[in-house]
Chemist: 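Input: one structure, supplied below.
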Amino acid sequence: MNPSPNPAFDPDLDSFLQSAQRGQLEELCDWLRIPSISTLPQHKEDVERAADWLAQKMKSAGLQNVETVPTDGHPIVYGDWLNAGEGAPTVLIYGHYDVQPVDPLELWSSPPFEPSVRGDDLFARGASDDKGQLFAHVAAVEAVLATSGALPVNVKFLVEGEEEVGSQGLAEYLPSETEKLAADVCLISDTHILSPELPLIIYGLRGIWAGEISVRGPAHDLHSGMFGGAVHNPNQALSTLLAALHDRSGRVAVPGFYDDVQALTPSERTALAQVPYGDAELLQETGAPAAWGEEGYTVTERIGARPTLEINGMWGGFIDEGFKTVIPAEARAKVSCRLVPDQDSSAIGAMIERYLQQIAPQTVDVSVDTLQHAPATVVPLDVSEMQAAARAYHRVFGAEPVFSREGGSIPIATVVQESLGIPILFMGFGLPDDNLHAPNEKLHLPNFYRGIRVGIALMEELISS
Ligand code: BES
Ligand code: ZN
């Protein structure tokens, strides 16, 4: 499972990296054992422990000025190394140490917070999203400092514990600390590549709007025999409303939804058509019986460059074992939209609410609450750091990276671009089948070790860009 030693690295560094692998994996596993689930209040102390663990690790790796910064939510961890000398560029490395909930627990093959290596994969919640990917960069800095005593560039780590819940603390902190966080480029490893051998540089991520739809009917739950057929069942009304959110061609049916969407240019469509990812890969990775989506667009376009609306959860009435003949008073759904450039993430909730209220029958009350929103991110392809990123991937993987847009969201990316005025390099090491946010999340270990090398190669390449 060792990536072949790269002749382009200094021999001392190369042998350090070879012998450090076991320790790096053990340390990552220690961190993964801490259940830092940001959305669940009962894990608040675990989230803090994960922040402290990282702060300690950053110190032992040789980073300086390490601090955990409290926020109204979970702490931010900061650390830097700024001794690269006059004229050297500064890289801001962003990541997150919070993780998603683990349910449904029974579908995990090994417990989510007891990291388990099977074959070339490390299974644990957070292995790929994002502890493993962030740890790779701490390990990269540690390796270079240990073998040569200095980094070629200045480095600032900025790691949050609220990415999976909307990054509120960091979104407030970042604009107030622009001097401290000033950098030439921001590196984010919280995405994936296309296959273990094929690196990917992402130049666009979708934005997000997430909210909750409530449908209220009778004042309280009712016996379905006594009142069924005479009172509109909120579950049924919600189903009808949810079904009306898309048309038959897979487009979102909410009026105004596409008004500000930037159409794909023919040249971008041609470029995206080169991405070796299509229906076959999609079906293989997801296990879905057939592909689905907006007519007239390829899988790559549907995922990265077109907006969508997803129903993330829907509930109401009795869902335990057995049955109960009830008409619930209320039915609800959690819904989220992925957004593309120029769509106003703050306007989507009102659009959906207006539409649903317009089509809702008089027999129920409908409301929509926004939980969070963030705009899409696009990165210019012509900045010199992009070329440095491509060279770094090439040196380690021996393959030219593919350039594409992706569907997930990293809300803080736009805040970094706007507050610090710097480009972002989305350089991930995960794989599309890493089971992010799902049972059996994993990290492909050869990618982890390559990620460490890419982190090192990037520091070296940035001084020649
Ligand atoms: N690592 C993901 C983002 C991601 C996933 C980017 C796949 C590209 C491809 C990140 O941790 C994440 O899950 N973000 C959330 C943000 C949301 C909760 C605001 C997302 O995209 O759902
Ligand atoms: Zn995530």
Side-chain angles (χ1 to χ4, degrees), residues 36-40 73-74 94-102 112 124-136 159-171 187-194 199-212 275 277 282 285-286 299-300 302-305 307-313 334-340 345-346 348-349 370-379 402-416 424-439 441-443 447 451:
S36 48
I37 307 173
S38 50
T39 199
L40 298 177
H74 303 304
Y94 163 87
H96 65 94
Y97 65 84
D98 63 322
V99 302
Q100 286 277 339
V102 296
R125 172 58 89 229
S128 178
D129 186 9
D130 181 39
K131 285 174 175 165
Q133 298 204 52
L134 187 268
F135 187 86
V159 188
E160 65 163 316
E162 296 186 297
E163 195 273 344
E164 302 290 8
V165 290
S167 304
Q168 206 179 320
L170 189 55
L187 169 63
I188 299 184
S189 294
D190 188 22
T191 53
H192 57 75
I193 59 175
L194 285 173
L200 171 71
I201 295 181
I202 291 172
Y203 64 92
L205 282 183
R206 291 191 293 189
I208 191 163
W209 171 87
E212 199 164 301
V275 177
Y277 192 87
L282 177 84
E285 271 152 17
T286 60
V299 173
T300 302
R302 285 175 184 169
I303 290 176
T308 61
L309 186 155
E310 298 295 331
I311 299 153
N312 305 118
K334 288 201 191 271
V335 172
S336 60
C337 296
R338 297 291 169 169
L339 308 174
V340 296
S345 63
S346 67
I348 299 293
T370 292
L371 298 172
Q372 63 167 285
H373 65 90
T377 314
V378 257
V379 191
V402 171
F403 286 80
S404 188
R405 290 165 66 168
E406 266 297 333
S409 310
I410 301 179
I412 205 67
T414 327
V415 184
V416 168
I424 309 236
L425 301 175
F426 290 113
M427 298 175 73
F429 306 106
L431 290 173
D433 67 351
D434 274 348
N435 299 322
L436 305 191
H437 298 198
E441 178 176 347
K442 66 162 177 70
L443 177 65
N447 281 17

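Computed over heavy atoms, backbone and side chain alike; hydrogens, waters and symmetry mates excluded. Each ligand, and each atom within it, is numbered from 1 in the order the structure gives.
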Chemist: Indicate, as side chain, backbone, both or neither, the part of Asp130 found under 4.0 angstrom from ligand 1 when only non-hydrogen atoms are considered.
Modeler: neither
Chemist: Take Leu339 and Ile208, measure what side-chain contact (heavy atoms from CB on, under 4.5 Å) needs, and give me the verdict at the end.
Modeler: CA-CA 5 Å; Leu339 308 174; Ile208 191 163; 5.8 Å; no
Chemist: Identify which protein N/O/S atoms are less than 2.8 Å from the Zn ion (ligand 2).
Modeler: Asp129 OD2, Glu164 OE1, Glu164 OE2, His437 NE2
Chemist: Side chains of Glu164 and Thr39: any donor to acceptor distance under 3.5 Å?
Modeler: no
Chemist: Should the heavy atoms of other residues, nucleotides or ligands under 6.0 Å from CD of Gln168 be counted, would the total exceed 12?
Modeler: no
Chemist: Work out which heavy atom in Thr377 is nearest to a heavy atom in Ile410; give both atom names and the distance.
Modeler: OG1-O, 4.4 Å
Chemist: Side chain or backbone, does Gln100 bring an N or O within less than 3.5 Å of an N or O on ligand 1?
Modeler: no
Chemist: Between Asp190, Leu134, Asn435, Leu443, which is the residue that forms a side-chain contact (heavy atoms from CB on, under 4.5 Å) with Asp129?
Modeler: Asp190
Chemist: Got the closest protein heavy atom to atom 18 (C) of ligand 1, with its distance?
Modeler: Glu164 O, 3.6 Å
Chemist: Where is the nearest protein heavy atom to atom 14 (N) of ligand 1: which residue, which atom, and how far?
Modeler: Ser409 O, 2.9 Å
Chemist: Going by distance only, is there an N or O of Gln372 that falls short of 3.5 Å from an N or O of ligand 1?
Modeler: no
Chemist: Is Thr191 in polar range of ligand 1, meaning some N or O pair under 3.5 Å apart?
Modeler: no
Chemist: Please state which option from Arg338, Glu163, His373, Glu406 has its nearest heavy atom closest to atom 20 (C) of ligand 1.
Modeler: Arg338
Chemist: Would you mind telling me which of Lys131, His74, Glu163 makes a side-chain contact (heavy atoms from CB on, under 4.5 Å) with Asp98?
Modeler: Glu163
Chemist: What part of Ser336 sits under 4.0 Å from ligand 1 if we count only heavy atoms: the side chain, the backbone, both or neither?
Modeler: neither
Chemist: Under the side-chain contact (heavy atoms from CB on, under 4.5 Å) test against Tyr94, which residue among Leu187, Val416, Leu170, Ile424 passes?
Modeler: Leu170
Chemist: Closer than 4.0 angstrom: is that true for some heavy atom of His437 and an atom of ligand 1?
Modeler: yes
Chemist: Donor-acceptor check, side chain of Arg125 to backbone of Ala438, threshold 3.5 angstrom: yes or no?
Modeler: yes
Chemist: Taking only heavy atoms of Pro411, which atoms of ligand 1 are found under 4.0 Å from at least one of them?
Modeler: 19 (C)
Chemist: At a non-hydrogen distance cut-off of under 4.0 Å, which region of Asp190 contacts ligand 1 (side chain, backbone, both, or neither)?
Modeler: both
Chemist: Lys334 vs Leu371, test: side-chain contact (heavy atoms from CB on, under 4.5 Å). Steps then yes/no.
Modeler: CA-CA 9 Å; Lys334 288 201 191 271; Leu371 298 172; 4.1 Å; yes
Chemist: Under 4.0 Å from any heavy atom of His96, which atoms of ligand 1 are there?
Modeler: 11 (O)
Chemist: Hey, mind stepping through Glu406 and Thr191 against side-chain contact (heavy atoms from CB on, under 4.5 Å) and telling me if it holds?
Modeler: CA-CA 9 Å; Glu406 266 297 333; Thr191 53; 5.8 Å; no
Chemist: Under 3.5 Å, side chain of Asp130 to main-chain N/O of His96, donor-acceptor pair present?
Modeler: yes
Chemist: Report the C-alpha distance between Ser128 and Gln133 in whole Å, list the side-chain angles of each, state the deciding distance to 0.1 Å, and finish with yes or no for side-chain contact (heavy atoms from CB on, under 4.5 Å).
Modeler: CA-CA 6 Å; Ser128 178; Gln133 298 204 52; 3.7 Å; yes
Chemist: Which atom names give the shortest non-hydrogen contact between Arg206 and Ser409, and what distance separates them?
Modeler: O-OG, 2.8 Å
Chemist: I'd like to know if Gly166 contacts ligand 1, where contact means a heavy-atom distance under 4.0 Å to any ligand atom.
Modeler: no
Chemist: Starting from atom 17 (C) of ligand 1, what is the nearest protein heavy atom, named by residue and atom, and what distance separates them?
Modeler: Ile208 CD1, 4.0 Å
